[in-house]
Amino acid sequence: MAWRSSGRTNAELISNLYKSQLITSDRVRASMSSVDRAHYAPAAPYEDSPQSIGFSATISAPHMHASAAESLLPFMPENKGAKVLDVGSGSGYLTHVLANLVCGADGKGDGKVVGIDHISGLTEMATRNMKKSEEGRRLLDSGKVEFVTGDGRKGYVEGGPYDAIHVGAAASELHPVLIDQLRSPGRMFIPVEDEEDRGMFGAQYIWVVDKDEKGEVKRRRDMGVRYVMLKDAPK
């Protein structure tokens, strides 16, 4: 149903995702509705497809952002001080959506989201993009959203532990260091290349990794996907 979800406006895109049941939560619907995708994917912002954002990077299709937000939602209560890490934050779109979920659409609630990317040009772009809206500026100025340049495969220990971790590029493994930075309880949503089918066109799957109150970790393989690889910055 994802291919039917494109719209002519941001409101129509989100409405179509909701009608297709790719968005099922009212909180996710409100959070995505309040972030204009045109600020983050200017070429074809309301198409439900990946878009190039430069630096050999892409912004994922809106339905994948919706899937990530829906999966992580139980670990992102609003205005409860939840901490979230967005690995491979790219142009900053999902970082903003996740911040709306934990801080409220007006950005005034208690919570923190860190977006990390290995390309400084992208973290600078993400910051500029968030400044295009009043709510985005409020989140940045208050320190409730922070963009850092670094190797996301190592997480960002300074901001943890995290209630939720989203990884926006395909990893070669379920990086233990990211699991270590999950709070107990916490959840990670991460695309991983299949060990038995590696290569540029190898199979990838979303893995949902849960850590319970006692620190016990459970891993569940979900849907097949197609992401760019999580890798070193270009030299």
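Residue indices begin at 1 and follow the sequence shown. No hydrogens, no waters, no symmetry mates; every other heavy atom, side chains included, goes into these values. Computed from a predicted model, the values in this text were never measured in an experiment.
A donor-acceptor contact shorter than 3.5 Å links the side chain of Ser142 to the backbone of Leu139. Not a single donor-acceptor pair under 3.5 Å links the side chain of Ser20 to the backbone N or O of Leu17. At distances below 3.5 Å, at least one donor-acceptor pair connects side-chain atoms of Ser67 with backbone N or O atoms of His63. No donor-acceptor pair closer than 3.5 Å links the side chain of Ser89 to the backbone N or O of Gly92. Side-chain atoms of Glu135 never come within 3.5 Å of backbone atoms of His96 as a donor-acceptor pair (strictly under, hydrogens ignored). Side-chain atoms of Lys112 do not come within 3.5 Å of backbone N or O of Gly81 as any donor-acceptor pair. The backbone N or O of Gly109 lies less than 3.5 Å from a partner atom in the side chain of Lys144, making a donor-acceptor pair. Of the possible donor and acceptor atoms, none in the side chain of Arg220 sits under 3.5 Å from a partner among the backbone N and O of Trp207.
Taking CG from Leu140 and CZ from Arg128, the interatomic distance works out to 12.5 Å, rounded to the nearest 0.5 Å. Taking CG of Leu101 as the reference point, atom CG of Asn79 lies at 13.0 Å (rounded to 0.5 Å). Asp110 CG to Cys103 SG: the interatomic distance, rounded to the nearest 0.5 Å, is 7.0 Å.
With hydrogens and angles left out, the side-chain atoms of Thr123 and Asp117 include no donor and acceptor closer than 3.5 Å. Thr149 and Ser120 share no donor-acceptor pair across their side chains, judged by distance under 3.5 Å alone. A donor atom on one side chain and an acceptor atom on the other are not found under 3.5 Å apart for His39 and Asn129. Looking only at atom types and distance, the side chain of Thr95 has a donor-acceptor partner in the side chain of Asp86 under 3.5 Å away.
Around CD of Glu158, the count of heavy atoms belonging to other residues, nucleotides or ligands within 6.0 Å exceeds 12.
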For Ser5 and Leu22: C-alpha separation, side-chain torsions, deciding distance, then whether side chain to side chain contact (heavy atoms under 4.5 Å, CB included) applies. CA-CA 9 Å; Ser5 299; Leu22 295 161; 3.5 Å; yes
Check against side-chain hydrogen bond (donor to acceptor under 3.5 Å, both in side chains), Asp151 and His118: CA-CA 5 Å; Asp151 188 345; His118 65 316; over 6 Å; no
Using the rule given for side chain to side chain contact (heavy atoms under 4.5 Å, CB included), can you reason through Met125 versus Leu122, listing the C-alpha separation, both sets of side-chain angles and the distance that settles it, and then say yes or no? CA-CA 5 Å; Met125 177 196 298; Leu122 286 176; 4.1 Å; yes
I would like to know whether Ile206 and Met64 meet side chain to side chain contact (heavy atoms under 4.5 Å, CB included); could you show each step before the answer? CA-CA 10 Å; Ile206 293 295; Met64 286 308 307; 4.3 Å; yes
Apply salt bridge (charged side-chain N to carboxylate O under 4.0 Å, His left out) to Lys214 and Asp212, showing your working. CA-CA 5 Å; Lys214 298 179 180 179; Asp212 67 17; over 6 Å; no
Apply side chain to side chain contact (heavy atoms under 4.5 Å, CB included) to the pair Val209 and Arg187, showing each step before the final yes or no. CA-CA 6 Å; Val209 181; Arg187 172 172 290 178; over 6 Å; no
Start with the C-alpha distance between Asn100 and Ser34, add both sets of side-chain angles, then the distance that settles side-chain hydrogen bond (donor to acceptor under 3.5 Å, both in side chains), and finish with yes or no. CA-CA 8 Å; Asn100 282 355; Ser34 64; 2.7 Å; yes
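Of the candidates Arg138, Lys132, Lys131, Arg138 is the only one forming a side-chain hydrogen bond (donor to acceptor under 3.5 Å, both in side chains) with Glu134. None of Thr9, Ile14, Ile59, Val97 except one satisfies the side-chain contact (heavy atoms from CB on, under 4.5 Å) rule with Arg37; the exception is Ile59.
Using a 4.5 Å heavy-atom cutoff, the side chains of Phe55 and Ile119 are in contact. At a threshold of 4.5 Å between non-hydrogen side-chain atoms, the residues Ile53 and Thr58 do not count as touching. In this structure, the side chains of Ile179 and Met188 come closer than 4.5 Å at one or more pairs of heavy atoms. A heavy-atom distance below 4.5 Å is found between the side chains of Tyr156 and Glu146. Within the 4.5 Å cutoff, the side chain of Ser133 has no heavy atoms near those of the Asp36 side chain. Side-chain atoms of Phe147 and Met130, non-hydrogen and from C-beta on, do get closer than 4.5 Å to each other. At a threshold of 4.5 Å between non-hydrogen side-chain atoms, the residues Lys211 and Ser184 count as touching.
Note that Arg29 lies in the cation-pi zone of Tyr18, set by a 6.0 Å cut-off to the ring centre and a 45° limit from the axis.
Across every non-hydrogen atom of Leu94 and Ala68, the tightest pair is CD2-CB, 4.4 Å. Nearest heavy-atom pair, Gly150 versus Ile116, reported as atom, atom and distance to 0.1 Å: O-CG1, 3.8 Å. Counting all heavy atoms, side chain and backbone alike, Leu178 lies closest to Ile190 at CD1-CD1, 4.5 Å. Closest non-hydrogen pair, Ile165 versus Val87, comes out as CG2-CG2, 4.3 Å. Taking each heavy atom of Val35 and Asn10 in turn, the nearest pair found is O-ND2, 3.3 Å. Scanning both residues, Leu72 and His166, for their nearest heavy atoms gives CD1-CB, 3.9 Å.
Evaluation of the salt bridge (charged side-chain N to carboxylate O under 4.0 Å, His left out) rule for Arg183 yields Asp163 as partners, not counting sequence neighbours. For Lys83, there are no salt bridge (charged side-chain N to carboxylate O under 4.0 Å, His left out) partners, not counting sequence neighbours.
The cluster map of Ile, Leu, Val, Met, Phe, Trp and Tyr, joined by side-chain heavy atoms under 4.5 Å apart, puts Leu73 and Leu98 in the same cluster. Hydrophobic clustering keeps Phe75 apart from Phe189 (ILVMFWY residues linked when any side-chain heavy atoms are closer than 4.5 Å, directly or through intermediates).
Evaluation of the salt bridge (Lys or Arg N to Asp or Glu O under 4.0 Å) test over residues 59-81, restricted to residues two or more places apart or in two chains, returns none.
Using the six-membered ring where Trp is involved, Tyr40 and Tyr93 have ring planes that are perpendicular, over 60° apart on the 30 and 60° scheme.
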